Amino acid sequence: MTNSNGLGGAPRARVRRALVVGGGVAGPTLAMFLRRLGVATTVLEARTSERGDVGAFLGLAPNGLQVLAELGLAEAIAGRGAVCQGMRFENARGRCIGVIDHRDHVQRFGAQMVMIRRAALHTALIEAAAERGAECRFGARVVALDERPNEVVARLDSGEELAADVLFGCDGIRSQVRALALPDAPAPAYTGLCDVGGFARCPEAPLEPGWTVMTFGRRAFFGAFAAPGGEVWWFHNNAARATMQAIDPEQRRASILALHRDDSPWIADVVRATPTLLGPWVLHDIMTMPRWHAGRVCLLGDAAHATSPSAGQGASLALEDALVLSRCLRDADAPQAAFARFEAERRGRVEAIVRQARKNGDGKAPAGPVAAWFRDRMLPLFLRLGAKAQAEAFAHRVEWAAPGA
């Protein structure tokens, strides 16, 4: 299947077997590209079920949807979510202080952002990977790695050992693979924010379907997406990490209501209408790591360069990683050369987005009256700068046909 210029078909590096640790976004996507290369691939997911607790919702940006389009999955996965028409920013009194409009993004970037429940995305990807020949195993927790001259061996908590030519850590910000293969890697850094979310039916909330409203509250930040069909998908950010983690769910709800008591009334209506609060999640990121690979093991996605949700790029960067890494394996003479090329190609882009996400998150911190007055008046300028950075991220394209090494 390999053509004269080395594009498509089996990789020159002759990787025949791969273990992919992590069944979220990067893992199943990488598995699909590896199967395209004819690599026998096993996905190992620690969760016992594909429908386990995986979070609330996320945005798939145009650059991420482009990767799904390469796999023929963009339309099907977008159908499990809802198109985001744009973002409206409000102050605590409910006054609009800025807008980022996405309605021309099909013309500009080939697609509009899609909001999707994380569980729905994970399920769609793991099902597609299985349909394309990847073995997908749940309840498979990796506890040890052993690299031998021609293979790497993963030992599971069950005692079973699995061998492959290469192993990929796609297991998120708290990556077990990173801890085992790169024990000197820096720990993820706390961003200063804690996240809680949920799904509610709240017809009285003054939200326009398809739009995300971001509210700079007096004591906390609140975001809500009005999904078609009347459901509200929301998240709440504050710096009260200890409080959010220590209290039971109903105390947590009361705390969120108290933090938003002087903000737009609809926020409290949405929180009260939510049957089950999701989280809390303490938000961390990884600004940089000295290296992403060691021997026959390579990290990608959040395991290598975790970004906070504040840039809306975490899932899309993981999708890009999967395509680029597979392309590098396809064209390299050895796995280690492919890993080095992958890291060199991706590092600058992803670390710039991680830094931007940290800046975006810093802006969610509560502001005093003077700072809030200044923010309300300067936000249109900041949004223009943010929209420029967003457009650069959205416009990025990774092409399967391009040389990978």
Side-chain angles (χ1 to χ4, degrees), residues 22 24-26 53-61 63-64 84 87 89 100 113 115-118 121-122 170-175 178 185-198 212 214-217 220-225 233-242 244-245 256 278-289 292 299-321 346-367 382-383 385-387 389-390 392-394 396:
V25 177
D53 179 16
V54 296
F57 65 100
L58 56 83
L60 287 173
N63 51 299
C84 179
M87 300 179 183
F89 296 82
I100 297 179
M113 177 176 281
M115 308 301 285
I116 187 168
R117 292 190 183 214
R118 186 177 287 272
L121 176 61
H122 288 194
C170 307
D171 48 342
I173 191 168
R174 297 171 183 82
S175 171
R178 184 178 65 234
Y190 175 45
T191 65
L193 293 174
C194 188
D195 191 20
V196 177
T212 298
M214 304 288 199
T215 300
F216 294 92
F221 188 89
F222 194 88
F225 175 71
W233 302 358
W234 63 270
F235 67 91
H236 156 96
N237 291 153
N238 69 55
R241 172 170 60 172
M244 288 294 107
Q245 289 183 302
I256 293 171
L278 303 177
W281 302 284
V282 179
L283 301 182
H284 291 78
D285 59 22
I286 299 175
M287 287 286 185
T288 188
M289 289 206 312
W292 298 356
L299 307 177
L300 62 156
D302 279 357
H305 50 73
T307 178
S308 79
S310 298
Q313 277 287 325
S316 295
L317 291 179
L319 292 167
E320 288 181 4
D321 277 0
R346 296 293 291 160
R347 181 181 287 277
R349 170 170 169 77
V350 300
E351 290 186 357
I353 290 174
V354 173
R355 290 192 297 271
Q356 183 63 47
R358 177 67 76 92
K359 291 179 181 178
N360 294 350
D362 291 344
K364 294 177 179 179
F382 297 151
L383 287 181
L385 297 174
Q390 186 185 75
E392 291 173 355
F394 286 3
H396 187 78

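Computed from a prediction, not measured in an experiment: that's the story for all the values here. Atoms considered below: every heavy atom in the structure, side chains included; atoms not considered: hydrogens, waters and symmetry mates.
- Among all heavy-atom pairs drawn from I286 and A303, the shortest one is CD1-O, 4.2 Å.
- Interatomic distance, CZ of F89 versus CE of M214, reported as 5.5 Å (0.5 Å rounding).
- Remark: side-chain polar atoms of R347 are paired, donor with acceptor, to backbone N or O of M289 under 3.5 angstrom.
- Of all the heavy atoms in G59 and M115, the pair that sits closest is CA-SD, 3.8 Å.
- Within the model, atoms CD of Q390 and CE of M113 stand 6.0 Å from one another, a figure rounded to the nearest 0.5 Å.
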**Item:** Step-by-step side chain to side chain contact (heavy atoms under 4.5 Å, CB included) determination, R349 to E320
**Value:** CA-CA 11 Å; R349 170 170 169 77; E320 288 181 4; 2.9 Å; yes

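- Here the rule is side chain to side chain contact (heavy atoms under 4.5 Å, CB included) with H305, and of D321, L299, D285 only D321 fits it.
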**Request:** Assess whether side chain to side chain contact (heavy atoms under 4.5 Å, CB included) is satisfied between I116 and L58, documenting all intermediate values.
**Result:** CA-CA 6 Å; I116 187 168; L58 56 83; 3.8 Å; yes

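- The minimum heavy-atom distance between M287 and E351, with the atom names listed, is O-CG, 3.4 Å.
- With values rounded to the nearest 0.5 angstrom, L283 atom CG is found 6.0 Å from L193 atom CG.
- Side-chain atoms of R178 and W292, non-hydrogen and from C-beta on, never get closer than 4.5 Å to each other.
- In plain terms, the two heavy atoms of T212 and F225 that are nearest each other are OG1-CD1, 3.3 Å.
- Taken to the nearest 0.5 Å, the CG atom of N63 stands 7.0 Å off from the CG atom of L317.
- From T191, atom OG1 reaches atom CG of N237 across 8.0 Å, with rounding to the nearest 0.5 Å.
- In this structure, V196 and W234 approach most closely via the heavy-atom pair O-CZ3, 3.8 Å.
- Nearest approach of D302 to T307, heavy atoms of both residues: OD1-N, 4.0 Å.
- Between atom CG of residue L319 and atom CD of residue Q313 there is a gap of 10.0 Å, rounded to the nearest 0.5 Å.
- Taking the six-membered ring where tryptophan is involved, the planes of F57 and F235 are tilted, since the angle between them lies from 30° to 60°.
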